[in-house]
Asks: 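A single structure is presented below for examination.
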Amino acid sequence: MSLQSSDITVVIAGTKRSVAGGTTAGDLFAEDKSTVVARVNGELRDLAHLLAEGDAVEAVGLDTDEGLAVLRHSAAHVLAQAVQQINPKAKLGIGPPIRDGFYYDFDVEVPFTPEDLKALENAMQKIINEGQTFVRRVVTDEAARLELADEPYKCELIGLKGGAAEAVTSVEGADVEVGAGELTIYDNIRRDGERAWGDLCRGPHVPTTKMLGNAYKLMRTAAAYWRGSEKNPQLQRVYGTAWASKDEMKDYLDRLAEAEKRDHRKLGVELDLFSFPDEIGSGLAVFHPKGGVIRKTMEDYSRIRHEESGYEFVYSPHISKRNLFDTSGHLQWFADGMYPPMHVDEECDAEGNVTRKGQEYYLKPMNCPFHCLIFRARGRSYRELPLRLFEFGSVYRYEKSGVVHGLTRVRGMTQDDAHIYVTADQVQAELKDLLTFVIDLLKDYGLDDFYLELSTRNEDKYVGTDESWAKATEALREAATDSGLDLVDDPGGAAFYGPKISVQARDAIGRTWQMSTIQVDFNLPERFGLEYQAADGSRQRPIMIHRALFGSVERFFGLLVEHYAGAFPPWLAPVQVIGIPVAEEFNDYLFEIAERLKAKRIRVEIDTSADRFPKKIRTAQKSKVPFMLIAGEDDRSAGAVSFRYRDGSQKNGVPIAEAIEEIVVAIESRVQV
RNA sequence: GCCGACGUGGCGCAAUUGGCAGCGCACCUGUCUUGUAAACAGGGGGUUGGGGGUUCGAGUCCCCCCGUCGGCUCCA
């Protein structure tokens, strides 16, 4: 720079310092190569940002979430440049950073193939090697429109920027392209000063493409609706991942591989737990004996806990006449999600005229209408409340074909569903108890890391009065706060009939799953005209609380398979003990021990196959049985048995009674081993 | 529902430009059986998801349907 301006004072990470005028944010942090951008007066800026008198500046490195997001956003740009380099006719959509990576949407005539991804990665590497700099340029709307005349989607974003700022931010990722303030284009400049590429973008970006190193990878392609609406055309999306270092990327890819190994669909086949026969239909599972044992154990334990907590057990059929779902409102609100009706009992004469009107029956999508009928079956007294009705209720939902997914998104499932009818005075206390109950039970299934989400009213879709919503929302919030767990707000996420709390659980490898939901409902008691007689003799309307702990038994089952990677704790393991004789001669000795275990209702098998000893160990190991009991001459002559555990460790010469005790204790205490 | 990829014995996979459907595990049979992740030998098992078409000939190419996978939209 030719003109030397006078010094200015800036505040660097809290410390005042005098620097030469014309100093950039990057100049301050030049020695730290992991600095990607700077925070200047609270806003993220490029390192090339010129500092002004009084600016508060701090470095944002690749070790921060924000720094990584910038890196990923820049990686998205490099991808887009590569795409347009290979296919100049590709039109740009949006390309934001996301969790663990980034994506960019393109309008291309021919969708990307896996081979295209290879070619794109190569092109990206060339761009990165060129060390192109990202240079910010402020443009007017008009100039941008002119420059981006060939980019219809970008032009649409420019149009959205001004008046409808809300519409922009409501689309995930769009706000990285155009922000609220001035419009900017980022140019990618080669070392010789030539402009290689540019994109409408709010920034900030890494200083040069070099920064991306080679810790990035294109993962997959998919279609995505423009601006997230199925009414819009679909663009082709390329997903990628990018990290601060190769090692971090490797860790990430390893995590993905680990998740894949745990995939319940894969383990379900390997461990013979369940299947989805084509003959039955998409999203409809059958549980095999080994899966059946696990499921039965889960359900049995849940029943006991519900019994202890004052629930009463009810049963309802799987289908119902249409009238019920008219009353409940399901046909009004959720007909799309229901299986189409069966027409029965219609009779016609020879000419085809209807001589007897038929009936429409629907498969039930939810249990609540049935429980409301049970409530209404006779007059109810306030003395009966809270009335807690519980059912493992099978429900059927016509999920769209593209969303069906293993056990986690099915068309037929069993909910551990309860509906609790309370007086207005009881809501608060009941919600609090309920939350404790839910968390305690989930913990017994081996989950111990939770947070809560409070879904509040969707202003476009709700029933009930402002007052009742406010009251119920407050009651839920208080129960949530009392639990001591983290609470995340989900504004507008509630169903139309009332606010809800959902319990999110993190599994063994840190993924979160939506588990239990607790919902307050003002709507159904109204629709079904539910009443109880209060102490003063008046008739009052109860409030209803919906709650499911597992959500669906199938889904929870799938979660547990993944959480435990198929190695269930002894109380849930389909086979709890496998007896392995060192040689055939010891079969009988093991059978005697097995009889004693069976007397204690322990699920034990003896491997009497013709396999050799090492093969039997291997087979047992692969089946993930928690306890292998091995017996040879040493054991038999000592009246003992040897344990081999899943981790390969060993405990030899354990007296039989002690061995049985160890197994019994492990099962009863529901611990993992 | 939309876009794309895929569908070969129970499972995992192979099969050149369209040219004999194969391998490993599992299963069955036999011989074997003494200490911690695979003894040996033999055998059975597939209308290549279903239907239609092109062709002398289709696992392979085309069309329709079903299903699975990855996303998008949705998820009471």
Side-chain angles (χ1 to χ4, degrees), chain A residues 103 105 108 110-114 116 172 219-239 263 265-266 269-272 275-283 325 328-338 365-369 395 397-406 408-410 415 458 461 493-498 500 514 517 519 521 523-524 546 548 551-552 555 580-587 608-623 628 630-636 642-646 648-650 652:
Chain A
Y103 67 77
D105 289 344
V108 285
V110 183
F112 298 103
T113 65
D116 291 340
E172 183 205 5
M219 303 298 284
R220 59 174 59 96
T221 61
Y225 296 108
W226 167 239
R227 295 180 58 208
S229 168
E230 62 184 325
K231 293 186 190 76
N232 289 339
Q234 283 193 328
L235 305 183
Q236 293 301 316
R237 176 171 296 180
V238 179
Y239 282 95
D263 191 314
R265 295 166 298 186
K266 184 177 139 102
V269 174
E270 281 173 15
L271 301 175
D272 195 15
S275 60
F276 291 91
D278 287 354
E279 292 83 344
I280 299 176
S282 186
F325 300 118
S328 70
H330 284 101
L331 281 170
Q332 180 192 339
W333 295 86
F334 306 117
D336 285 353
M338 293 171 67
M366 289 183 100
N367 301 300
C368 28
V395 298
R397 297 176 181 183
Y398 192 72
E399 300 284 4
K400 286 193 280 185
S401 61
V403 306
V404 171
H405 181 94
T408 59
R409 193 81 181 266
V410 291
Q415 293 181 309
N458 179 336
K461 194 179 173 189
F496 71 93
Y497 53 73
K500 78 171 176 198
Q514 181 182 315
T517 56
Q519 309 193 236
D521 184 355
N523 178 50
L524 280 185
H546 302 242
S552 98
R555 187 184 136 86
I580 304 176
V582 166
E584 197 173 351
E585 193 193 329
F586 307 102
N587 285 359
T608 57
S609 69
D611 291 334
R612 296 297 215 292
F613 181 65
K615 179 61 188 296
K616 290 185 180 185
I617 296 278
R618 178 183 153 88
T619 305
Q621 194 80 41
K622 281 178 62 171
S623 72
M628 287 166 243
I630 292 163
E633 188 50 49
D634 296 349
D635 301 289
R636 182 169 63 180
S642 296
F643 277 98
R644 180 190 161 100
Y645 303 97
R646 282 195 286 228
S649 66
Q650 184 83 9
N652 292 326

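Note on naming: letters A, B, ... go to the chains in the order of the sequence lines (proteins, then strands), and numbering restarts at 1 for each one.
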Asks: Distance check, C1' atoms only: B/G70 and B/C27, in whole angstrom units.
Replies: 34 Å
Asks: Tell me whether the rings of A/His330 and A/Phe334 are parallel (<30°), tilted (30 to 60°) or perpendicular (>60°).
Replies: tilted
Asks: Is there a donor and acceptor pair closer than 3.5 Å between the side chain of A/Arg612 and the base of B/U33?
Replies: no
Asks: Look at the side chain of A/Lys400 and the base of B/U73, then say whether one donor and one acceptor between them are separated by less than 3.5 Å.
Replies: yes
Asks: Identify, with sequence neighbours excluded, every residue that meets side-chain contact (heavy atoms from CB on, under 4.5 Å) alongside A/Asp116.
Replies: A/Phe112, A/Thr113
Asks: Measuring from the side chain of A/Val269 (C-beta onward, heavy atoms only), which nucleotide among B/C11, B/G1, B/U36 has the closest atom?
Replies: B/C11
Asks: If pairs are Watson-Crick or G-U with both distances under 3.5 Å, what is the dot-bracket string of RNA chain B, marking crossing pairs with [ ] and pairs to another strand with |?
Replies: (((((((..((((.....[..)))).(((((.......))))).....(((((..]....))))))))))))....
Asks: Can you find an N or O donor on one side and an acceptor on the other, under 3.5 Å apart, linking the side chain of A/Gln234 with the base of B/C2?
Replies: yes
Asks: Taking donor-acceptor contacts at under 3.5 Å, does the side chain of A/Arg397 reach the base of B/C75?
Replies: no
Asks: Assess whether one donor atom and one acceptor atom, taken from the side chain of A/Tyr225 and the base of B/G1, lie less than 3.5 Å apart.
Replies: yes
Asks: Give me the distance, rounded to whole Å, that separates B/G57 from B/G53 when you measure between the C1' atoms they each carry.
Replies: 15 Å
Asks: Under 4.0 Å: is that the gap between some side-chain N or O of A/His405 and OP1 or OP2 of B/U68?
Replies: no
Asks: Taking only the P atom of each, what is the distance from B/C6 to B/C25 in whole angstrom?
Replies: 29 Å
Asks: Where the side chain of A/Ser282 is defined as all heavy atoms beyond and including C-beta, which of B/U33, B/C3, B/G67 is the nearest nucleotide?
Replies: B/G67
Asks: Is there a donor and acceptor pair closer than 3.5 Å between the side chain of A/Ser642 and the base of B/G35?
Replies: yes
Asks: Please confirm whether the shortest side-chain N or O distance from A/Arg265 to OP1 or OP2 of B/C69 is below 4.0 Å.
Replies: yes
Asks: Distance alone, cut at 3.5 Å: any donor-acceptor contact between the side chains of A/Thr608 and A/Asn587?
Replies: no
